[in-house]
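Here's the structure we're looking at; comments come further down.
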Amino acid sequence: MQTVDDERLAEAVHGSHTAFLEPVSGDPADGVAVGPLFAPTLGMRAGGALYFWLTTATAFQVPTTARFCDGLVERGGVSRERRVDVELALQEAVANALVHGNLGLSSDMRDDFRQYERFCHLLEERLRDPDARHRRIEIAATWSGGVLEVSVTDQGQGYVQTDDPRKEAETGLPLHGLGIIHTIALSVESGDGGRRLTMRFAS
Amino acid sequence: MEHKVQTTSAGREIQLTGRFTFADHEGFRSVVQILEEPDASRVVFDLSGLEFVDSAGLGMFLIAREAAERRKLQLVLKGAVGQVKRMLDLGRFDALFTIQD
């Protein structure tokens, strides 16, 4: 696997730049952008923006969600108090995008003891596959007026929701990603054939 | 996530630290293997150094529980704080595990 410099990612997020665009790992498929210059690209209103695009291999190796939320807090996208909830919802969205989207692994196997070994084996195998490991994940956030909007986009086959995740959230056992996200977010929308999830939060 | 194992007169204690997430499936295999060793009757997960857990991390605790049940091991989750404690509460893990402060 390529060497990823997590320190550089942290520096990019924490830096004083109003805009920053640079490959993080030496792979042009990895990068970070922050600041209002990227607003038109993201279709944002006045406020701030933060944007990561990372290969699947890189997103597995660095604490992607934690770094993204460090940037959100530093730049006023979310308060320190709200960060815990936003980080959890974003973590679940990123996990779904990487594991089920870009790597194409079924969620049924994940928590089943009898299939755990097979799940780990397949995960390892897909992370070695040149196509799968280079599929990108994009995380884009914009914020203004007390609302933070974050979208997570993958390059998988697209996920089609068959049951209502809000029902799972209401049962009090939100052990799966979408149930947790619906518990926390003000609104959740799926787009691009199930490859993009857009969440809005009180910031 | 990183883990350290200690053997005491009361059994095995496995200290988990850092973030326990979807990226840890591979690393958690060696923790499950500890539960399958024949000489332990009680295993305590010390979670006091764990900063963050997601639903995949909770799922891996359930896998550990099933591995422990197969060997009739007592499994204890100890010392969870902050976001980790909240996730265990949300998942109603007190009905599934022995939880200690």
Side-chain angles (χ1 to χ4, degrees), chain A residues 56-67 69 83-100 103 105 107-128 168-169 171-181 183-184, chain B residues 1-3 16-36 43 49-73 75 77 80-97:
Chain A
T56 297
T58 297
F60 256 84
Q61 287 181 317
V62 297
T64 303
T65 309
R67 292 285 171 257
C69 288
R83 178 202 168 128
V84 178
D85 278 350
V86 170
E87 183 171 348
L88 177 58
L90 182 56
Q91 174 78 13
E92 299 298 335
V94 167
N96 284 345
L98 292 172
V99 177
H100 310 313
L103 298 182
L105 291 172
S107 59
D108 299 342
M109 297 167 64
R110 194 194 69 175
D111 301 338
D112 185 335
F113 179 76
R114 286 159 299 182
Q115 298 200 66
Y116 177 60
E117 275 294 321
R118 179 163 160 69
F119 180 81
C120 290
H121 176 74
L122 281 174
L123 191 61
E124 243 179 290
E125 196 178 86
R126 300 277 165 88
L127 278 169
R128 281 198 304 266
E168 185 189 11
T171 65
L173 275 169
L175 287 181
H176 287 89
L178 274 175
I180 290 174
I181 292 166
T183 305
I184 295 170
Chain B
M1 180 272 294
E2 294 190 349
H3 75 273
L16 304 183
T17 54
R19 296 168 64 83
F20 187 30
T21 71
F22 68 90
D24 292 307
H25 277 101
E26 177 60 26
F28 196 68
R29 272 163 119 173
S30 51
V31 174
V32 172
Q33 279 165 10
I34 295 165
L35 300 173
E36 291 175 339
V43 173
L50 207 55
E51 298 161 12
F52 182 90
V53 65
D54 65 6
S55 67
L58 291 187
M60 283 183 267
F61 281 132
L62 295 179
I63 282 165
R65 176 177 176 260
E66 201 167 334
E69 276 180 352
R70 283 168 184 243
R71 298 202 59 86
K72 301 197 184 331
L73 286 177
L75 199 59
L77 303 183
V81 292
Q83 189 267 354
V84 178
K85 184 173 188 316
R86 193 169 153 232
M87 286 292 279
L88 298 186
D89 291 345
L90 272 174
R92 297 182 181 163
F93 269 35
D94 58 338
L96 305 172
F97 294 86

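Chain letters run A, B, ... following the sequence lines, proteins first, then strands; residues in each count from 1.
The environment of A:E125 atom CD is dense: over 12 non-hydrogen atoms of other residues, nucleotides or ligands sit within 6.0 angstrom. Within a 6.0 Å sphere centred on CZ of A:R118, heavy atoms belonging to other residues, nucleotides or ligands number 12 at most.
In this structure, the portion of B:V32 lying under 4.5 Å from any heavy atom of chain A is its side chain and not its backbone. Only the side chain of A:L123 comes within less than 4.5 Å of a heavy atom in chain B; its backbone stays farther off.
With chain B as partner, the option from A:D85, A:V94, A:L98 having the largest number of non-hydrogen pairs under 4.5 angstrom is A:D85. The choice from A:L88, A:V84, A:T65 that makes the most heavy-atom pairs within less than 4.5 Å of chain B is A:L88. Top candidate by heavy-atom pairs under 4.5 Å with chain A, chosen from B:R19, B:R29, B:R65, is B:R29.
Ring geometry, B:F28 versus B:F20: the interplanar angle falls from 30° to 60°, so the pair is classed tilted.
Between B:L73 and B:L35, the closest heavy-atom pair is CD1-O, 3.3 Å.
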What verdict does the side chain to side chain contact (heavy atoms under 4.5 Å, CB included) test give for A:Q91 and B:F52, after you've listed the backbone C-alpha separation in whole Å, the side-chain angles of each residue and the deciding distance to 0.1 Å? CA-CA 10 Å; A:Q91 174 78 13; B:F52 182 90; 3.7 Å; yes
